[in-house]
Amino acid sequence: MYNTKAYSAASATSPLTSDTIARRDPTEHDVQIEILFCGICHSDVHSVRNEWSGFMPSVYPIVPGHEIVGRVTKVGSAVTKYKPGDLAGVGCMVDSDRTCPNCQAGLEQFCPNMTLTYNFPDKHLGGVTYGGYSDSIVVEERFVLRVPENLDLAGVAPLLCAGITTYSPLRHWGVTEGKKVGVVGLGGLGHMGVKFAHALGAHVVVFTTSPDKKEDALRLGADEVVVSRNTDEMQKHAGSFDFILDTVSAKHDINAYIDLLRLDGNITLVGAPEKPLDVAAFSLIMARRSLSGSSIGGIPETQEMLDFCGKHNITADVEVIPIQQVNEAYERLLKSDVKYRFCIDMASLKSA
Ligand code: NAP
Ligand code: ZN
């Protein structure tokens with residue numbers, strides 16, 4: 001065991017502050033990584049504030065962070081894919097049982113024995129896992145991702161959650177050239193959804209509550225932008241979408257979007273609001289529409305997404321901050337005021 005610096009919250013109402021946590025020494029299959037950048041996901045805010053208490057109660061102190069990019073510092077004797085000095089990424093998961101049908105299909109995110117990167121029982125040290133708002137992390141090789149060398153590292157970190165969470169459902173629902181695709185909410189996930197849907201050749205429409213994001217949405221790859229509070233603008237798109245990706249982090253009227261789907265169209269929720277959404281049965285029934293959800297993505301697909309980003313030069317648009325500004329960043333996230341992902345430069349933790 002060794003100690004490493006981190007930022008943690010002591011309770012659902014406490015700010016994040018400087019702390020020291022223990023990590024395990026790398027075992028034979030482990031990779032030890034010095035963390036260079038860690039993105040701030042809205043899930044970090046939900047978790048720190050215990051907003052998902054019914055589903056996933058938070059354990060304190062909590063060290064969030066699951067958009068991790070860094071350099072390998074040490075590897076165990078059985079590790080074959082990484083060596084010290086390599087770039088490496090870690091996303092939302094650090095373990096699973098590897099034997100269940102979902103793991104065997106490369107869908108570790110649906111493994112009943114999956115371990116999340118933070119706030120999940122830690123099989124090695126007891127207590128719970130600690131995330132990426134820290135100097136260093138130790139992760140089994142299978143859950144470490146190769147990072148393309150040609151991309152800006154601060155912009156790569158958010159790919160490990162915001163990237164895969166949007167890439168996976170777009171691929172699953174067959175988004176290609178000629179499809180009309182909506183992205184609801186232009187935050188961390190939403191802006192990656194726009195970039196991927198555009199790169200896959202779709203006609204992309206962004207739905208936003210923030211009129212001042214219009215120009216950015218077009219720059220990011222949208223073909224059209226709709227201010228969702230304007231019902232006339234919404235109505236113009238009724239019954240026309242093949243697929244809509246809903247990334248909204250708070251309770252909202254999902255029926256307004258279901259009505260925009262064409263026959264057999266699908267809307268997928270990746271946003272995970274604290275409170276349940278109301279669904280009008282008739283909105284689904286009348287055009288055989290479907291509503292589904294999607295959770296991050298498996299390890300093979302996460303690697304595929306990173307390689308796709310390397311090939312197409314795709315990264316997140318980031319506001320890089322020192323860790324000392326993390327509490328302020330959370331407040332701004334709650335006001336939909338981020339362009340379009342906060343990313344912590346972990347070098348700042350050395351002076352914390
Ligand atoms: P974010 O950066 O805060 O973006 C959310 C966006 O939703 C905001 O920028 C805003 O966009 C819109 N929005 C916020 N409040 C709204 C409201 N009351 N009504 C309508 N629109 C609203 O958050 P994020 O990091 O992208 O995460 C989004 C959600 O996905 C969170 O709930 C997060 O926990 C969840 N998530 C799920 C997965 C998964 O595997 N399924 C993975 C990661 C995150 P506009 O300003 O454009 O309206
Ligand atoms: Zn996330």
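We count ligands from 1, going down the list as the structure has it; atoms in each ligand are counted the same way.
In the hydrophobic clustering of this structure, V270 groups with F308; members are Ile, Leu, Val, Met, Phe, Trp, Tyr whose side-chain heavy atoms approach within less than 4.5 Å, directly or through other members. Residue I164 is grouped with residue F196 when hydrophobic side chains (ILVMFWY) are merged at heavy-atom distances under 4.5 angstrom, including chains of intermediate members.
Considering only non-hydrogen protein atoms, atom 32 (O) of ligand 1 sits nearest to H46 NE2, 2.8 Å. Distance from atom 1 (P) of ligand 1 to its nearest protein heavy atom, with residue and atom name: H42 ND1, 3.7 Å. Here the protein heavy atom with the shortest distance to atom 48 (O) of ligand 1 is T209 OG1, 2.5 Å. For atom 12 (C) of ligand 1, the closest non-hydrogen atom on the protein side is G185 CA, 4.0 Å. The protein heavy atom nearest to atom 28 (C) of ligand 1 is T247 O, 3.0 Å. What sits closest to atom 30 (O) of ligand 1 on the protein, heavy atoms only, is G271 CA, 3.3 Å. Given atom 26 (O) of ligand 1, the protein heavy atom at minimum distance is L189 N, 2.8 Å. The protein heavy-atom contact nearest to atom 22 (C) of ligand 1 is V248 CG1, 3.4 Å.
The side-chain heavy atoms of E141 and D30, taken from C-beta on, include no pair separated by under 4.5 Å.
Here is the list of ligand 1 atoms found below 4.0 Å of a heavy atom in I296: 39 (C), 40 (O). Using a 4.0 Å cut-off to heavy atoms of A250, the atoms of ligand 1 that qualify are 15 (N), 18 (N). Atoms of ligand 1 lying under 4.0 Å from any heavy atom of T165, numbered from 1 in the order shown and given with element: 38 (C), 39 (C), 40 (O), 41 (N), 42 (C).
In terms of polar-atom proximity, defined here as any N/O pair under 3.5 Å, G190 makes no such contact with ligand 1. Taking any N or O of V338, backbone or side chain, none lies under 3.5 Å from an N or O belonging to ligand 1. Annotation: C161 places no N or O atom under 3.5 Å from an N or O atom of ligand 1; distance criterion only. In terms of polar-atom proximity, T208 is counted as a contact of ligand 1, with an N or O under 3.5 Å from an N or O of the ligand. Geometrically, ligand 1 and S43 share a nitrogen or oxygen pair separated by less than 3.5 Å. On a distance-only criterion, S210 and ligand 1 share at least one N/O pair closer than 3.5 Å. Residue-to-ligand polar distances place V270 within reach of ligand 1: an N/O pair is separated by less than 3.5 Å. At a 3.5 angstrom cut-off on N or O pairs, F207 does not count as close to ligand 1.
D216 and Y340 share a donor-acceptor pair across their side chains, judged by distance under 3.5 Å alone. For E34 and S136, the side-chain atoms include no donor-acceptor pair closer than 3.5 Å. With 3.5 Å as the limit, one finds no donor-acceptor pair spanning the side chains of E331 and N327. Side chains of H203 and E224: a donor on one and an acceptor on the other come within 3.5 Å. K213 and T208 are not linked by any side-chain donor-acceptor pair at a separation below 3.5 angstrom, with hydrogens and angles left out of the test. Checking H252 against D246 by side-chain atom types alone, a donor-acceptor pair falls below 3.5 Å. Between the side chains of T73 and Q32, a donor-acceptor pair is found at a separation under 3.5 Å. Side-chain contact of N266 with T268: a donor-acceptor pair under 3.5 Å is present, judged by distance alone.
Closest heavy-atom approach to atom 14 (C) of ligand 1 within the set S295, S228, S336: this belongs to S336. Relative to atom 9 (O) of ligand 1, the option among R341, K213, H191, M192 with the closest non-hydrogen atom is K213.
Look at C41 and you'll find a heavy atom under 4.0 Å from some atom of ligand 1. Within the structure, the closest approach of Q109 to ligand 1 does not fall below 4.0 Å when heavy atoms are considered.
With the Zn ion (ligand 2) as the vertex, atom SG of C161 and atom NE2 of H66 span an angle of 110° (nearest 10 degrees).
The side chain of W52, and not its backbone, has at least one atom closer than 4.0 Å to an atom of ligand 1 (non-hydrogen atoms only; side chain from C-beta on).
Using cut-offs of 30° and 60° for the angle between ring planes, the F243 and W173 rings count as parallel.
Checking C92 against the Zn ion (ligand 2), every N/O/S atom stays at or beyond the 2.8 Å cut-off. Residue contact annotation: C41 places an N/O/S atom under 2.8 Å from the Zn ion (ligand 2).
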